[in-house]
Engineer: 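My questions will all concern the structure given below.
Protein chains get the first letters and strands the later ones, always in sequence-line order, with residue 1 at the start of each. It should be emphasised that the depicted structure is a prediction, and the values quoted were computed from it without experimental measurement.
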2 protein chains.
Amino acid sequence: MAAREYGQYCGVTQALELVGERWALLIVRDLLVGPRRYGELAAGLPRIPSNILAARLKELQAAGVIRRAPRSRIVIYELTPYGRELEPVVLALGAWGFKAMGDPREEQIITPDSMTITLRTAFRSQVAAALPATAYAAHVGPTDLLVRVDGPALSVTRGDGPADLAFATGQDIHRLISGDLAPERAIATGVVEVLRGPADLLDRFASTFHLAA
Amino acid sequence: MAAREYGQYCGVTQALELVGERWALLIVRDLLVGPRRYGELAAGLPRIPSNILAARLKELQAAGVIRRAPRSRIVIYELTPYGRELEPVVLALGAWGFKAMGDPREEQIITPDSMTITLRTAFRSQVAAALPATAYAAHVGPTDLLVRVDGPALSVTRGDGPADLAFATGQDIHRLISGDLAPERAIATGVVEVLRGPADLLDRFASTFHLAA
DNA sequence: CCGCATCCAAGCGGATACTG
DNA sequence: CAGTATCCGCTTGGATGCGG
């Protein structure tokens, strides 16, 4: 038996042998947002060494979690259907870890893909279903996301665009989602800057995206 | 910043920094079944080096995931309330990994705690609620488990005891739960040996515990 | 025994440089 | 751009020691 195997016949150990290595689930996290090129993955995970990224991509392919997109001229990595089934795992991990997040440290960055997953984790479908369809242009640090909520459905895409509310903020968006910081106070203290649209739509945003700390 | 940190302000990375190290989630898995002593954890994870187990226990304590049980003469490790909130993560991982489990290899063991978590993962509460309360004495290899299903509630304890159905089997229980092997065939081929009680209760067992492969 | 601590070898993870 | 190659340090794995 390979020295690094857990040696148990159990779903949890099997899962950890496929995606339990360092960085593996973060690659999956980003691919849950969409197919990505090698360089895009590297950009979304600035601290991963290139040889490790290359090794993980090979391992995840061998495990049937990801594949190189077929009939594409360039190399693009995407999740297989089985890999996509990791979404509940990643979201559950994200929800759990969210509660342990303290104040952000200077060197902790927010990438477009990680922010997208955070929003998916915090999205309260039930609440949203009872609210009017709304589009938010969220500028979180250097990251621009277009967040469209339509009934119980959520779509997050990169870039700017038409929105009912456009706002700019930083890592403190965590405090908004956790409920630690009320929307009005966030605006009053300048933590969130409303760029376009009625400021009270930030209340709706905070109701739609919420994860208790 | 510590070299091994991911450097992102994100719930998933935070979670992986707390419980993403090798062996950590397996310790959590076993503690989800109940408080355990150091030696019990070591017995349930035969391939973990003792220094690694000791290191993980310290890290998990520092992370607020586990604690040494208070007002206990002996040292017992248990999950904190926050640690118990990892149950959805472990069950989701187990459900995902279950589908990738091939045929068992000789050296892959089934421990009482891993089997308990597998049963919790595969438990179909909805189905069970519509069935009469049933107790199963399941002997999986050398592991004896008493499985009590009462409406939507499931309880799994170690050891033998009074049961409506007692059966013995091995790692092939996986094929029973996945639906790969019909209960009747399992009995006919000797994969499952009914020790006490009506054999058709094995159908009920297979309906109650099911995870598609 | 139980709950670790120590020591050592093997190999993986990480930074950097390099190539097609 | 999409990876390889190389080197080093540290973690892991495994054996052993050791105090309570």
Side-chain angles (χ1 to χ4, degrees), chain A residues 1-8 13 16-28 30-31 34-63 66-78 107-109, chain B residues 1-8 13 16-27 30-31 34-63 66-78 107-109 113:
Chain A
M1 167 168 38
R4 277 181 72 84
E5 289 186 8
Y6 292 113
Q8 303 197 352
T13 52
L16 290 177
E17 279 171 7
L18 297 183
V19 296
E21 293 294 298
R22 209 167 152 68
W23 296 105
L25 273 179
L26 295 180
I27 295 171
V28 171
D30 287 1
L31 289 179
R36 293 283 180 267
R37 304 193 54 170
Y38 183 95
E40 295 174 316
L41 289 170
L45 301 167
R47 294 180 58 84
I48 193 176
S50 62
N51 57 342
I52 300 293
L53 175 55
R56 291 293 172 272
L57 289 174
K58 279 188 183 171
E59 295 160 11
L60 289 172
Q61 281 180 81
I66 69 173
R67 66 180 170 212
R68 296 160 91 113
R71 57 184 158 287
S72 162
R73 214 169 34 79
I74 58 178
V75 178
I76 297 189
Y77 296 95
E78 64 182 14
E107 72 278 11
Q108 291 189 306
I109 63 171
Chain B
M1 170 167 37
R4 277 180 72 84
E5 289 186 9
Y6 292 112
Q8 303 196 353
T13 51
L16 290 176
E17 280 174 6
L18 296 183
V19 297
E21 292 294 297
R22 212 170 146 66
W23 296 105
L25 273 178
L26 294 180
I27 295 172
D30 287 2
L31 290 179
R36 293 284 181 267
R37 305 195 54 172
Y38 183 96
E40 294 174 316
L41 290 169
L45 301 167
R47 294 181 58 86
I48 193 176
S50 62
N51 56 344
I52 299 293
L53 175 55
R56 290 293 172 271
L57 290 174
K58 279 188 182 171
E59 294 160 12
L60 290 172
Q61 283 180 78
I66 69 173
R67 67 181 169 210
R68 298 161 90 113
R71 55 183 161 288
S72 164
R73 213 168 37 74
I74 57 179
V75 177
I76 297 189
Y77 296 95
E78 63 181 14
E107 72 279 10
Q108 291 188 305
I109 63 170
D113 288 345

Engineer: Without decimals, in angstroms, what is the distance between B:R47 CZ and D:dT12 C1'?
Structural biologist: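 Whole-Å distance recorded here is 12 Å.
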Engineer: Using atom CZ of B:R56 as one end and atom C1' of D:dT11 as the other, report the distance to the nearest whole Å.
Structural biologist: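 Rounding to the nearest Å, CZ of B:R56 and C1' of D:dT11 are 9 Å apart.
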Engineer: Roughly how many Å is it from CD1 in B:I48 to P in D:dA15, rounded to a whole number?
Structural biologist: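 To the nearest whole Å, that distance equals 15 Å.
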Engineer: Taking atom CH2 of A:W23 and atom CD1 of A:I52, what is their separation to the nearest 0.5 Å?
Structural biologist: 9.5 Å
Engineer: Whole angstroms only, please: what is the CG-P distance between B:L53 and D:dA15?
Structural biologist: 16 Å
Engineer: By side-chain contact (heavy atoms from CB on, under 4.5 Å), which residues pair with B:R37, not counting sequence neighbours?
Structural biologist: B:E40, B:I74, B:I76
Engineer: Atom pairs, N/O to N/O, protein against nucleotides 18-20 of chain C, distance under 3.5 Å?
Structural biologist:
none

Engineer: Can you tell me if A:W23 touches the phosphate of C:dG14, counting only side-chain N or O atoms and a distance under 4.0 Å to OP1 or OP2?
Structural biologist: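 True: A:W23 side-chain N/O within range (under 4.0 Å) of C:dG14 OP1/OP2.
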Engineer: Please check the phosphate of D:dT11 (OP1 and OP2 only) for any side-chain N or O of A:R22 closer than 4.0 Å.
Structural biologist: no
Engineer: What's the verdict on side-chain contact (heavy atoms from CB on, under 4.5 Å) for B:L41 and B:L57, showing C-alpha distance, side-chain angles and the deciding distance?
Structural biologist: CA-CA 10 Å; B:L41 290 169; B:L57 290 174; 3.9 Å; yes
Engineer: To the closest 0.5 Å, what do you measure between CD1 (A:I48) and CD1 (A:I27)?
Structural biologist: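 These two atoms lie 4.5 Å from each other.
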Engineer: List the protein contact pattern of nucleotides 2-11 of chain C with one symbol per nucleotide (5' to 3'): B for base contact, S for sugar-phosphate-only contact, - for none; contact means a heavy-atom distance under 4.0 Å.
Structural biologist: SBBBBB----
Engineer: In chain order, what residues pass the side-chain contact (heavy atoms from CB on, under 4.5 Å) check against B:E59, with sequence neighbours excluded?
Structural biologist: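 Residues passing side-chain contact (heavy atoms from CB on, under 4.5 Å) with B:E59: B:E21, B:A55, B:R56.
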Engineer: Is the backbone of A:R67 close enough, under 3.5 Å, to the side chain of A:E78 for a donor and an acceptor to pair up by distance?
Structural biologist: no
Engineer: Please report the distance, rounded to the nearest Å, between CD in B:E5 and P in D:dT11.
Structural biologist: 13 Å
Engineer: Please report the distance, rounded to the nearest Å, between CG in A:L45 and C1' in C:dG14.
Structural biologist: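 Rounded to whole Å, this separation is 15 Å.
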Engineer: Any sub-3.5 Å donor-acceptor pair from A:Q61's side-chain atoms to A:Y77's backbone N or O?
Structural biologist: no
Engineer: Among residues at least two apart in sequence or on other chains, which ones pass side-chain contact (heavy atoms from CB on, under 4.5 Å) with A:A42?
Structural biologist: A:L53
Engineer: Hey, mind stepping through A:R4 and B:R22 against side-chain contact (heavy atoms from CB on, under 4.5 Å) and telling me if it holds?
Structural biologist: CA-CA 10 Å; A:R4 277 181 72 84; B:R22 212 170 146 66; 3.6 Å; yes
Engineer: Over how many whole Å does the gap from A:L26 atom CG to C:dG14 atom P extend?
Structural biologist: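 From A:L26 CG to C:dG14 P: 11 Å.
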Engineer: So, the side chain of B:T13 versus the backbone of B:Q8: is there a donor-acceptor pair under 3.5 Å, distance only?
Structural biologist: yes
Engineer: Check step by step if side-chain contact (heavy atoms from CB on, under 4.5 Å) holds for A:L16 and A:Y6.
Structural biologist: CA-CA 9 Å; A:L16 290 177; A:Y6 292 113; 3.8 Å; yes
Engineer: What does the inter-axis angle of the helix from C:dC1-D:dG20 to C:dG20-D:dC1 come out as, five pairs per end, nearest 10 degrees?
Structural biologist: 30°
Engineer: Could you give the CD1-to-P distance, from B:I52 to D:dG14, as a whole number of Å?
Structural biologist: 10 Å
